[in-house]
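Working notes for the structure below.
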Amino acid sequence: MTSLTAKDKDRVKTFWAKVSGKVEDIGSEAMARMLIVYPQTKTYFAHWKDVSPFSPSAKKHGITVMGGVAFAVTKIDDLKAGLLNLSELHAFTLRVDPANFKIMSHCIMVVMANMFPEDFTPQIHVAMDKFLSALALALAEKYR
Amino acid sequence: MVEWTDFERATIADIFSKMEYEVIGPAALSRCLVVYPWTQRYFGNFGNLYNAAAIIGNPMVAKHGTTILHGLDRAVKNMDNIKSEYAELSVLHSEKLHVDPDNFKLLSDCLTIVISAKLGKEFNGEVQAAFQKFLAVVVNSLGRQYH
């Protein structure tokens with residue numbers, strides 16, 4: 001959609017600083033919710049022994065995904081270039097349908113609101129939504 | 001016919017039994033207008049929507065948010081017949097209000113986030129699933145009479 005304004009980036013970075021201590025919790029919680037609320041996403045993890053939402057694999061994967069988001073925050077000024085390698089990974093190896101990026105983004109924001117109700121204001125919400133959308137777009141860059 | 005588990009019925013009844021309509025309704029609608037500004041197109045006569053602060057403080061937005069949230073009551077009361085419950089409202093939204101049905105999903109996403117913030121730990125994955133399923137059925141019913 002639209003590119004991030006200076007204000008958007010500022011808001012994302014400020015909110016990120018607030019939540020940086022809980023990034024792993026956010027990740028595993030978002031992952032669990034995604035598997036519960038959108039069971040079709042489990043199809044990507046058929047190779048796990050245990051696809052249950054709070055399994056060690058799911059927890060670890062949530063942390064991995066959120067680590068990617070954290071990385072993207074550091075590349076917020078040029079997501080396309082910064083996420084090139086991750087995009088190639090998702091395009092050629094993982095081949096995750098980009099519709100799922102939207103689903104994961106939604107779950108991440110539900111968790112952010114849940115864990116930081118006072119801080120996840122409408123203004124922060126719109127900045128974060130824009131950022132996660134831009135991130136998803138950068139991730140899908142190499143798909144075709 | 002939508003199949004509801006006992007857990008889903010109990011969850012929806014519980015959430016709405018303690019719903020603070022005058023807080024949650026305005027919060028959800030104002031959030032929708034801030035996060036998805038194109039939705040403001042339906043509220044041209046609501047006065048000042050120039051920025052987030054104005055939207056959040058706007059009394060017409062607040063009143064309408066409460067109205068919309070109460071609109072969910074009929075679905076809560078009759079979960080086995082949501083489609084027919086909303087047939088009239090669907091026609092209204094299509095023929096008179098001309099609301100793009102995609103907007104219903106945007107509002108329901110904002111409502112989910114507001115409820116998540118309000119309920120905290122209680123709003124776990126299973127509760128979220130039940131709540132989103134409920135909203136999805138309502139959204140689907142509201143879009144049903146469009147042609």
Side-chain angles (χ1 to χ4, degrees), chain A residues 1-2 5 7-8 10-12 15 19 22 25-42 51-55 58-59 62 99 102-133, chain B residues 5 7-8 11 15 20 23-40 49-58 61-62 65 102 105-136:
Chain A
M1 273 190 175
T2 46
T5 64
K7 207 165 217 165
D8 293 327
D10 199 54
R11 288 196 165 126
V12 169
F15 182 73
V19 313
K22 291 262 179 192
D25 289 340
I26 295 174
S28 39
E29 185 60 37
M31 185 76 201
R33 278 169 196 270
M34 189 181 77
L35 295 170
I36 296 170
V37 182
Y38 305 93
Q40 70 271 21
T41 56
K42 288 192 287 191
V51 213
S52 63
F54 297 103
S55 65
K59 207 163 178 264
K102 214 164 187 274
I103 288 175
M104 183 45 123
S105 299
H106 173 72
C107 290
I108 288 173
M109 287 190 289
V110 169
V111 173
M112 284 177 169
N114 193 277
M115 290 172 66
F116 303 93
E118 302 299 324
D119 297 292
F120 199 67
T121 61
Q123 294 91 321
I124 296 294
H125 180 167
V126 60
M128 187 57 68
D129 192 282
K130 287 178 76 176
F131 167 67
L132 291 173
S133 301
Chain B
T5 64
F7 173 80
E8 286 165 347
T11 299
I15 290 177
E20 292 171 289
V23 173
I24 302 296
L29 181 60
S30 58
R31 193 170 279 254
C32 187
L33 296 171
V34 169
V35 178
Y36 310 108
W38 54 94
T39 56
Q40 292 168 27
L49 300 177
Y50 297 136
N51 53 45
I55 292 170
I56 293 164
N58 186 310
V61 170
D102 282 349
K105 179 150 198 308
L106 300 180
L107 181 59
S108 79
D109 281 350
C110 285
L111 181 57
T112 301
I113 290 202
V114 169
I115 290 289
S116 174
K118 187 81 216 291
L119 298 181
K121 276 202 156 57
E122 195 192 317
F123 196 71
N124 61 31
E126 269 92 13
V127 171
Q128 182 185 343
F131 191 66
Q132 288 199 200
K133 178 177 166 179
F134 172 75
L135 291 181

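Because the structure is predicted, anything quoted here is derived from the model rather than measured. A, B, ... follow the sequence lines: proteins, then strands. Residue 1 opens every chain. Computed over heavy atoms, backbone and side chain alike; hydrogens, waters and symmetry mates excluded.
Within 6.0 Å of NZ on B:Lys133 lie more than 12 heavy atoms contributed by other residues, nucleotides or ligands.
Under the 3.5 Å distance criterion, the side-chain polar atoms of B:Ser116 are matched with a main-chain donor or acceptor of A:Val110. The backbone N or O of B:Ala117 sits nowhere less than 3.5 Å from a side-chain atom of A:Asn114 that would complete a donor-acceptor pair.
Heavy-atom distances place the side chain of B:Tyr36, and not its backbone, under 4.5 Å from chain A. At a 4.5 Å heavy-atom cutoff, the contact between B:Ile56 and chain A is made by side-chain atoms alone. When heavy atoms are compared at a cutoff of 4.5 Å, B:Lys121 approaches chain A solely by way of its backbone atoms N, CA, C and O. For A:Phe116, no part lies under 4.5 angstrom from a heavy atom of chain B.
Between B:Val34 and A:Pro122, the closest heavy-atom pair is CG1-O, 3.7 Å.
Taking CG from A:Asp129 and CG from B:Leu106, the interatomic distance works out to 9.5 Å, rounded to the nearest 0.5 Å. Note that NZ of A:Lys102 and CG of B:Asp109 are 7.0 Å apart. Values are rounded to the nearest 0.5 Å.
For the set A:Glu29, A:Met109, A:Gln123, A:His106, the count of heavy-atom pairs under 4.5 angstrom toward chain B peaks at A:His106.
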#### Entry: Trace of the side-chain contact (heavy atoms from CB on, under 4.5 Å) decision for B:Gln132 with A:Arg33
CA-CA 12 Å; B:Gln132 288 199 200; A:Arg33 278 169 196 270; over 6 Å; no
